[in-house]
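Written out below as structure tokens is the structure these notes cover.
Order of the sequence lines fixes the chain letters, A, B, ..., with proteins taken first and strands second; residue numbering starts at 1 for each chain.
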2 protein chains.
Amino acid sequence: MLPDPYNRLPDIALHRVSAASRETLFLQGSVTKGLYVVLAGRVHLERMGPNGERFVIHRATAGTSFAEASIFSDRYHCDAVVIEAGDLIRIDKAAVLAAFADADFALSYGRRASRQIQAQRQLLEIVGIRRAEDRVLAGLVAGLLDSTVVDFAALLQLSPEAAYRALRALVEAGQVINPSRGEYRLRAAT
Amino acid sequence: MLPDPYNRLPDIALHRVSAASRETLFLQGSVTKGLYVVLAGRVHLERMGPNGERFVIHRATAGTSFAEASIFSDRYHCDAVVIEAGDLIRIDKAAVLAAFADADFALSYGRRASRQIQAQRQLLEIVGIRRAEDRVLAGLVAGLLDSTVVDFAALLQLSPEAAYRALRALVEAGQVINPSRGEYRLRAAT
DNA sequence: GGTAGCATATGATTGAAATCATATCTGACT
DNA sequence: AGTCAGATATGATTTCAATCATATGCTACC
């Protein structure tokens, strides 16, 4: 039910929360209680600009967690806004901190964190590629097209149209094969 | 000398490496020995595309580490290319894995990883903002302009010119103050 | 004091992706 | 079978950032 390291924690550390749309979980300023795992729905982490502009820091979807850093700090600097109603699990920070005494938990936590950092770094690098065609090719090489082209485009910070066009251009250049509608694969090495 | 969690490791786990420019550290395929910390110089992590295109996965500069994920996996999927000659420290993966038995080390590792994930996530979110002016404002709110505008622009994946223009526009809109040449600060809340 | 290099800055032009529009295909539900 | 939503796809237009060009201020070094 819970993602990897957290499923090892005692039940008493877990608190189920049902959240309505547009509900705000005020994390900012208050003493942090722990991190959250999204079971269903969507949550944005937002920070306020000096003149009230709201900036989205992170979008958490079902199966992902947010506010993990609150485990290690007393204060948190953003609030969570529920974009789509759903269920959350709050996990006590004390339980997580205590669990670090268990080497298995700590290793599991470290493994997941390392993987995530690596994936994010790669994505940052890919998103930094200017030309849509190059970006899409890099995204394909990274194996980022695993569901729809629309999702792929969003991940690459491209409009779906730009992604379709880039894929078409890559097919025409012989770099990518398009065996069927909506399916794209790298052509095998020459 | 070494960044936070790694300075707690025994000396025997550390191996100093002097690297010449364009030298390649072949991590790919071979059994991973550990992670690296860059003391001086610049290193790119690269992955090969199916037709020989090279993609930069990560750029490591002095003071940062790379291949951390190799601690948790037997095989690594990119190679490291030294872009600018310098010195590296290789850290044995066995020593790091063993150190996770120490709760202090594990907590320190977890804290750093959490912070890094949070920072990267925020940066990904900011880089995804289309309009240069909005992106620059978000970057300012996030406190990313801590050295030159040129560095700031690179972090935001913007050309320096675009960053200067966006800053100028924000100053003219009254959102940002420009107390002196090259210095920009958010105007206090209304 | 001269000059070399770099950050800052801004104007003009170009290029590429976003946006808008439109159409087809597909699967789910009725 | 009919309809509805969403993915796929592509053409036309617009927008906005990259690029090119140019100039100035600042610092370092000889």
Side-chain angles (χ1 to χ4, degrees), chain A residues 41-42 53 56 59 61-62 83-84 123-140 143-186, chain B residues 42 53 56 61-62 83-84 123-140 143-186:
Chain A
R42 285 188 301 131
E53 313 92 338
V56 177
R59 293 154 212 266
T61 53
I83 298 301
E84 194 179 287
L123 189 54
L124 261 170
E125 205 59 60
I126 291 174
V127 165
I129 297 171
R130 306 260 186 228
R131 289 217 324 136
E133 207 177 312
D134 296 342
R135 193 137 113 217
V136 163
L137 181 56
L140 286 172
L144 264 31
L145 174 46
D146 53 357
S147 64
T148 71
V149 176
V150 174
D151 290 347
F152 181 57
L155 199 58
L156 297 184
Q157 320 264 36
L158 275 178
S159 67
E161 294 94 324
Y164 284 121
R165 275 186 256 269
L167 285 166
R168 171 69 38 234
L170 288 168
V171 168
E172 255 138 45
Q175 307 236 70
V176 168
I177 53 173
N178 179 206
S180 73
R181 186 181 166 88
E183 193 186 355
Y184 294 90
R185 268 201 300 272
L186 289 167
Chain B
R42 284 187 302 132
E53 312 93 337
V56 177
T61 53
I83 298 301
E84 194 179 287
L123 189 54
L124 262 170
E125 205 60 59
I126 291 173
V127 164
I129 298 172
R130 305 262 185 228
R131 288 217 325 136
E133 206 176 311
D134 297 342
R135 194 138 112 215
V136 162
L137 181 57
L140 286 172
L144 264 30
L145 175 46
D146 53 357
S147 64
T148 71
V149 177
V150 174
D151 290 347
F152 181 58
L155 200 57
L156 298 184
Q157 320 264 37
L158 276 178
S159 67
E161 293 95 324
Y164 284 121
R165 275 186 257 268
L167 285 165
R168 171 69 37 232
L170 288 168
V171 168
E172 255 139 44
Q175 307 235 69
V176 168
I177 52 173
N178 179 206
S180 73
R181 186 181 165 91
E183 193 186 354
Y184 295 90
R185 269 202 299 272
L186 289 167

Between [X] ([atom1]) and [N] ([atom2]), how many Å, whole number?
| X | N | atom1 | atom2 | answer |
| --- | --- | --- | --- | --- |
| A:Leu156 | C:dA16 | CG | P | 18 Å |
| B:Asn178 | C:dA7 | CG | P | 18 Å |
| B:Arg168 | D:dA17 | CZ | C1' | 18 Å |
| B:Glu161 | D:dA23 | CD | P | 16 Å |
| B:Leu167 | C:dT8 | CG | P | 10 Å |
| A:Tyr164 | C:dA17 | OH | C1' | 16 Å |
| B:Ile129 | D:dC16 | CD1 | P | 15 Å |
| B:Gln157 | C:dA17 | CD | P | 15 Å |

Examine the base of C:dG15 for any acceptor or donor lying under 3.5 Å from a partner atom in the side chain of A:Arg130, and report the outcome as yes or no.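 No, no donor-acceptor pair under 3.5 Å.
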Does a side-chain N or O of A:Arg181 approach OP1 or OP2 of D:dA7 to a distance below 4.0 Å, or not?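 Looking at the OP1 and OP2 atoms of D:dA7, neither is under 4.0 Å from any side-chain N or O of A:Arg181.
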Determine: side-chain N/O of B:Tyr184 to OP1/OP2 of C:dA7, distance under 4.0 Å, yes or no.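 Looking at the OP1 and OP2 atoms of C:dA7, neither is under 4.0 Å from any side-chain N or O of B:Tyr184.
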For residues B:Ile129 and B:Ala138, report the shortest heavy-atom separation together with the two atoms involved.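 Minimum heavy-atom contact is CD1-CB, 3.6 Å.
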Would you indicate what B:Glu133 reaches in the nucleic acid, counting non-hydrogen atoms under 4.0 angstrom: base, sugar-phosphate, or nothing? nothing
With B:Leu155, which of B:Val127, B:Asp146, B:Leu144 fulfils side-chain contact (heavy atoms from CB on, under 4.5 Å)?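 For B:Leu155, the side-chain contact (heavy atoms from CB on, under 4.5 Å) test succeeds with only one of B:Val127, B:Asp146, B:Leu144, which is B:Leu144.
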If you check the B:Val149 side chain, which of D:dA17, D:dA9, C:dT8 turns out closest?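 Looking only at side-chain atoms, B:Val149 lies closest to C:dT8.
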Taking the side chain of A:Ser159 as its heavy atoms from C-beta onward, which of C:dA9, D:dT19, C:dT19 lies nearest to it?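 For A:Ser159, the side-chain atoms sit closest to C:dT19.
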Evaluate A:Leu145 against A:Arg185 for side chain to side chain contact (heavy atoms under 4.5 Å, CB included), listing each step before the verdict. CA-CA 9 Å; A:Leu145 174 46; A:Arg185 268 201 300 272; over 6 Å; no
Nearest-nucleotide check on DNA chain D, A:Arg165 vs B:Arg131; residue mapping nearer the 5' end is A:Arg165
Does B:Leu158 reach the side chain of B:Phe152, with side-chain heavy atoms less than 4.5 Å apart?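 No, too far: nothing below the 4.5 Å cut-off.
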Tell me, do A:Leu167 and A:Leu140 make a side-chain contact under 4.5 Å, heavy atoms counted?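 When only atoms from C-beta onward are counted, A:Leu140 and A:Leu167 do touch, with a gap below 4.5 Å.
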